[in-house]
Number of protein chains: 2
Amino acid sequence: METHQLFHTIHQLSRELAKQANHTLQPFGLYTAQWSVLFVLKEKGKMTQTELCDYLAVEAPPMTRTIQRLMKQGYVKQVKGEDRRVKIIEMTEQSKAIYPEWEAAILQMNDRLLTGVPDEQREHMKQLLSSCLMNVKENAQKGKLHE
Amino acid sequence: METHQLFHTIHQLSRELAKQANHTLQPFGLYTAQWSVLFVLKEKGKMTQTELCDYLAVEAPPMTRTIQRLMKQGYVKQVKGEDRRVKIIEMTEQSKAIYPEWEAAILQMNDRLLTGVPDEQREHMKQLLSSCLMNVKENAQKGKLHE
DNA sequence: CTACTTTAATTACCTAGGTAACTAATTTAT
DNA sequence: ATAAATTAGTTACCTAGGTAATTAAAGTAG
């Protein structure tokens with residue numbers, strides 16, 4: 001089977017979704033990377049930067065940058081942990097207050113973009129993609145071990 | 001249904017695949033963006049930059065940059081068309097000669113990454129994602145029309 | 001207790017891709 | 001035929017995310 005096309009479609013879909021999300025968030029002065037951090041913090045409460053990186057599967061340097069921007073905007077604050085290397089990140093009262101607006105806009109966008117895709121199919125895609133992602137990560141590691 | 005997760009998985013999978021592809025191409029001094037152009041040129045023959053942009057669904061500015069890099073490496077050359085605005089891009093003899101090596105490396109990687117994913121499932125995913133992409137693009141346009 | 005190693009985060013620099021503004025060539029309209 | 005609008009490509013600048021090298025704090029030998 002022609003895997004080029006499959007990978008290209010994934011890449012294209014990913015970019016298109018990011019573009020739409022950025023467009024949706026623009027009126028709020030937010031970008032997708034910022035939003036993803038705020039979303040996780042709302043869901044999970046305070047977290048260290050490393051925990052955020054692990055959860056979002058992003059390397060540390062971009063995370064540092066995203067958090068610094070969120071701090072500058074006043075949407076997030078850093079608290080020093082017992083371990084003085086660690087920086088614990090949590091939402092400010094301000095961002096907790098505005099959060100529902102952001103979420104509503106994103107949910108509305110998600111709904112609009114997936115109009116016509118039945119719920120079963122969304123679930124099915126999620127399952128397929130998740131298992132594919134795990135597979136890719138495993139086989140990537142195998143590739144490295146053979147070096 | 002929770003669309004956040006679906007979109008996040010797509011994004012993550014896309015990044016993971018790009019990372020792997022870059023790793024595979026590194027020994028050849030190529031990056032994914034370059035490879036995607038070379039792949040299309042091999043498949044379709046000479047094309048204008050706009051045609052390349054349309055085919056790969058990429059905006060013009062990044063394409064300009066990618067092509068300039070490929071020219072600097074001697075893998076691609078520009079020919080002026082009848083319409084003197086247009087730049088027709090084609091592979092050089094050199095890159096045609098090396099191409100099979102690049103392709104072999106990529107095909108091997110694709111195969112390795114999808115080990116354990118049956119062929120039917122790959123095809124199924126491609127179908128699902130393609131239809132989802134079309135859907136998203138249509139609904140994105142509708143969003144714009146409502147402004 | 002000291003020396004080595006690991007870990008959290010940052011800094012610097014790279015590629016990818018998007019938007020806005022611009023130039024130059026070609027169409028289209030008047 | 002000339003003016004206006006469109007089109008191809010470029011330039012400048014932005015965000016996203018990755019790697020390598022660095023710093024500072026903890027942990028782990030010896």
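Lettering follows sequence order; numbering is per chain, from 1.
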Summary of protein contacts for nucleotides 3-15 of chain D, nucleotide by nucleotide, where a base hit scores B, a sugar-phosphate-only hit scores S (4.0 Å, heavy atoms): ----BSSBBB--S
Distance, rounded to the nearest Å, where Leu17(A) contributes CG and dG17(C) contributes C1': 15 Å
Spacing of His8(B) atom NE2 relative to dA16(D) atom P, expressed in whole Å: 14 Å
Flag, side chain of Arg112(A) to backbone of Leu107(A), donor-acceptor distance under 3.5 Å: no
Protein-nucleotide distance (Ile67(A), atom CD1; dA16(D), atom P), rounded to Å: 13 Å
Separation between CG of Leu38(A) and CD of Gln34(A), rounded to the nearest 0.5 Å: 7.5 Å
Sugar-phosphate only, base, or nothing, as touched by Gln26(A) at under 4.0 Å among non-hydrogen atoms: nothing
Nearest-Å distance for atom pair CG/P, residues Leu56(A) and dG18(D): 11 Å
Separation of dA16(C) C1' from His11(B) NE2 (nearest whole Å): 11 Å
Phosphate OP1/OP2 of dG18(C) contacted by His23(A) side-chain N/O (<4.0 Å): no
Ring centroid separation Tyr99(B) to Trp35(B) under 6.0 Å: yes
Gln20(A) and Glu16(A) side chains, donor-acceptor separation under 3.5 Å: yes
Ring geometry between Phe28(A) and Trp102(A) (parallel below 30°, tilted from 30 to 60°, perpendicular above 60°): perpendicular
Spacing between Lys80(A) atom NZ and dA26(D) atom P, to the nearest angstrom: 11 Å
Rounded distance (Å) that lies between atom P of dG17(C) and atom CG of Leu52(B): 13 Å
Under-4.0 Å side-chain N/O to phosphate OP1/OP2 contact, Arg15(B) with dA16(D): no
Between C1' of dA21(D) and CD of Glu59(A), the distance in whole Å: 15 Å
Pair Gln49(A), Gln78(A): side-chain N/O donor-acceptor within cut-off below 3.5 Å: yes
Sugar-phosphate, base or nothing in reach of Gln12(A), heavy atoms under 4.0 Å: nothing
Student check: side-chain heavy atoms of Thr48(A) and Asp83(A) closer than 4.5 Å: no
